[in-house]
S.K.: 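Sharing a structure here in structure tokens format.
Remember, it's 1-based here, ligands and their atoms both numbered in the order they're listed. It should be emphasised that the depicted structure is a prediction, and the values quoted were computed from it without experimental measurement.
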Amino acid sequence: MGKIKSLRCITCGKEYSPTDVEYTCPDCGPRRGTLEVIYDYEQVAEKFNKETLARDMERTMWRYLPLLPIEDRHFIQPLRVGYTPVYEFPKLATQHGLKALYIKDDGQNPTASYKDRASSVVVIKAQEKRKKVVTAASTGNAASSLAGFSAATDLETMIFVPRTAPEAKVTQLLIYGAKVFLVNGSYDVAYDLAAEAATEFGWYNRSAAVNPYLVEGKKTGALELAEQLSWNPPDFVFVGVGDGSVVSGICKGFAELQKLGMIERLPQVIGVQAQGSAPIAAAFRKYDGKNVSIDDIEAATVADSICVGKPRDIVKAVKYVHANGGNFITVSDEQIMAAIATMARETGVFPEPAGAAPFAGLLKLASEGKITGKRAAIMVTGNGLKDIVTARRVAGRAIEIEPTLAAVKEHL
Ligand SMILES: *Cc1c(COP(=O)(O)O)cnc(C)c1O
Ligand SMILES: [Zn+2]
């Protein structure tokens, strides 16, 4: 059966055929039983290496198709996803004692977030499986991304977001034609409702973690970063963490490149959580190399995309970052908001709060002298226009004037 060898449970290690299990390990349940996609890496290596990539003119994440869980190109959407730019900022690097500072701007995806990498895969999977309806619970981006990618298909999209989701993200959902349920409750509550509805009505569920193919899409940011830096990845990669799927994907991407002999050493992946929403960082500190302890919390942070008190990919995130040799750190909301303005002013890249969190984390470690002389990259996972209310709090004020030159002079 193609290049996928099995779907393996992250907790008990039992392996399933993709035709037998749709979401999670029946023995370990939806929370601990998330599945990893295991490929036949020998088969992959036959048609996938640095040389084949160098010849490939495709400038989307589908250049990594041999390492993605899709068997043929039939359902690939026309929207360009991935192959987002990596920028280098030498002056900023020097200023913070780094050898190099890179920003990968995933705000440039079709719906303006990193989530497009996963949605594009899941929308294909839904069509391969002949589903009629796709659903997701989301803090905002996963949903708007799913709605955008299913727009040009015959799939119907049902979305559950917390009532507090930012206006721009809800507008995206509606304009793409999704049916939107604004749930009177937190994201964690909306998540459980979407799962119940998916089971009840037979919808295909794209909510974080339960669907094993999400992490596959999410790993492509790592594949790209390595390739775009000529297979010489940085020492550190910083990324914002909510449910833990993006950070897991990035770890898996680098691990697979190493397994295929395409990079020599793994970059250390640093998952950055907001202080008021850091259950994965807490679990990581307690991790003994065997059991991941799960303590859900009531989450609160200005960074809506990573405001997750009941992270669904916590087991994978902790295990993968541990295996990677990386770490989790936390930053305050003040640090996140300051980082939005600093990044925009110093680089021209305008991140949403969750996209600025990894920059806040980098600044924190740099100021503690922990990454001096190193090469570091930041994954900007969402565009700043997605949440202008928060950005306005740190943007400064415009000057209101009468339409005269004298008025201009007065304010110079
Ligand atoms: C979803 C998201 C994240 C975090 O991803 P998780 O898989 O939930 O950890 C970070 N930044 C942005 C902008 C996101 O939308
Ligand atoms: Zn299991």
S.K.: Per the side-chain contact (heavy atoms from CB on, under 4.5 Å) rule, which among Leu363, Leu362, Ile103 passes with Met343?
M.R.: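 It is Ile103; the other options fail the test.
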S.K.: From the options Asp387, Ile314, Val246, Asp313, select the one whose nearest heavy atom is closest to atom 7 (O) of ligand 1.
M.R.: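 Among Asp387, Ile314, Val246, Asp313, the closest heavy atom to atom 7 (O) of ligand 1 belongs to Val246.
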S.K.: For ligand 1, which atoms, with element, lie under 4.0 Å from some heavy atom of Gly240?
M.R.: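 Those qualifying, in numeric order: 4 (C), 10 (C).
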S.K.: Which bit of Asn141 is near ligand 1, meaning a heavy atom under 4.0 Å away: side chain, backbone, both or neither?
M.R.: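 The answer is the side chain.
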S.K.: Does CG belonging to Leu385 count more than 12 external heavy atoms closer than 6.0 Å?
M.R.: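 Atom CG in Leu385 is packed in, count exceeds 12.
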S.K.: Considering distance alone, does some N or O of Gly244 sit under 3.5 Å from an N or O of ligand 1?
M.R.: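 In this structure, Gly244 places an N or O atom under 3.5 Å from an N or O of ligand 1.
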S.K.: Does Arg117 come within less than 4.0 Å of Asp106, counting only side-chain N to carboxylate O?
M.R.: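 So Arg117 pairs with Asp106 through a salt bridge.
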S.K.: List ligand 1 atoms under 4.0 Å from Val241, heavy atoms only on the residue side.
M.R.: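 In order of numbering, the contacting atoms are 9 (O).
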S.K.: Is it true that Lys169 and Glu352 have a side-chain N and a carboxylate O under 4.0 angstrom from each other?
M.R.: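 Yes, this pair counts.
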S.K.: Going by distance only, is there an N or O of Lys115 that falls short of 3.5 Å from an N or O of ligand 1?
M.R.: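 It does: an N or O of Lys115 is found under 3.5 Å from an N or O of ligand 1.
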S.K.: One residue to check: Ser245. Relative to ligand 1, which of side chain, backbone, both or neither has a non-hydrogen atom less than 4.0 Å away?
M.R.: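 For Ser245, backbone and side-chain atoms both sit under 4.0 Å from ligand 1.
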S.K.: Could you check whether Asp304 and Thr139, counting side-chain N and O atoms only, form a donor-acceptor pair closer than 3.5 Å?
M.R.: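 Checked: Thr139/Asp304 side chains show no N/O donor-acceptor pair below 3.5 Å.
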S.K.: Pairs of nitrogen or oxygen atoms closer than 3.5 Å, one from Thr381 and one from ligand 1: do any exist?
M.R.: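 Min N/O separation from ligand 1 is below 3.5 Å for Thr381.
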S.K.: Salt bridge or not between Glu216 and Lys252? Use side-chain N to carboxylate O under 4.0 Å.
M.R.: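 Yes, this pair counts.
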S.K.: Could you verify whether a donor N or O on one side chain and an acceptor N or O on the other, from Ser248 and Lys219, lie under 3.5 Å apart?
M.R.: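 No pair is found: no donor N or O on one side chain lies under 3.5 Å from an acceptor on the other.
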S.K.: Run the numbers for me: atoms of ligand 1, each under 4.0 Å from some heavy atom of Gly382, listed by number.
M.R.: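 Close to Gly382: 13 (C).
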S.K.: Taking distance alone, with no angle check, do Val247 and ligand 1 share an N/O pair under 3.5 Å?
M.R.: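 Not met; the criterion fails.
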S.K.: What angle, to the nearest 10°, do the atoms SG (Cys28) and SG (Cys25) form about the Zn ion (ligand 2)?
M.R.: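 If I round to 10°, I get 110°.
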S.K.: I'd like to know if Lys218 contacts ligand 1, where contact means a heavy-atom distance under 4.0 Å to any ligand atom.
M.R.: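 The answer is yes, since Lys218 has a heavy atom less than 4.0 Å from ligand 1.
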S.K.: Select one of side chain, backbone, both or neither to describe which atoms of Ile306 lie under 4.0 Å from any atom of ligand 1, heavy atoms only.
M.R.: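 Just the side chain.
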S.K.: Counting non-hydrogen protein atoms only, what is the nearest one to atom 8 (O) of ligand 1? Give residue, atom name and distance.
M.R.: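 Result for atom 8 (O) of ligand 1: Asp243 N, 2.8 Å.
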S.K.: Look at atom NZ of Lys50 and say whether more than 12 heavy atoms of other residues, nucleotides or ligands are closer to it than 6.0 Å.
M.R.: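 Yes, because the 6.0 Å sphere around NZ of Lys50 holds more than 12 heavy atoms from other groups.
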S.K.: With a cut-off of 4.0 Å, which atoms of ligand 1 are near a heavy atom of Ala354?
M.R.: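 Taking each heavy atom of Ala354 in turn, ligand 1 has 11 (N), 12 (C), 13 (C) under 4.0 Å.
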S.K.: For ligand 1, which atoms have a heavy atom of Gly242 less than 4.0 angstrom away?
M.R.: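 In order of numbering, the contacting atoms are 4 (C), 6 (P), 8 (O), 9 (O).
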S.K.: May I ask you to decide whether Lys99 forms a salt bridge with Asp235, counting only side-chain N to carboxylate O separations under 4.0 Å?
M.R.: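 No, this pair does not count.
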S.K.: Ignoring hydrogens and angles, state whether a donor on the side chain of Ser207 or Asn205 is under 3.5 Å from an acceptor on the partner side chain.
M.R.: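 There is such a pair (donor and acceptor under 3.5 Å, judged by atom type) between the side chains of Ser207 and Asn205.
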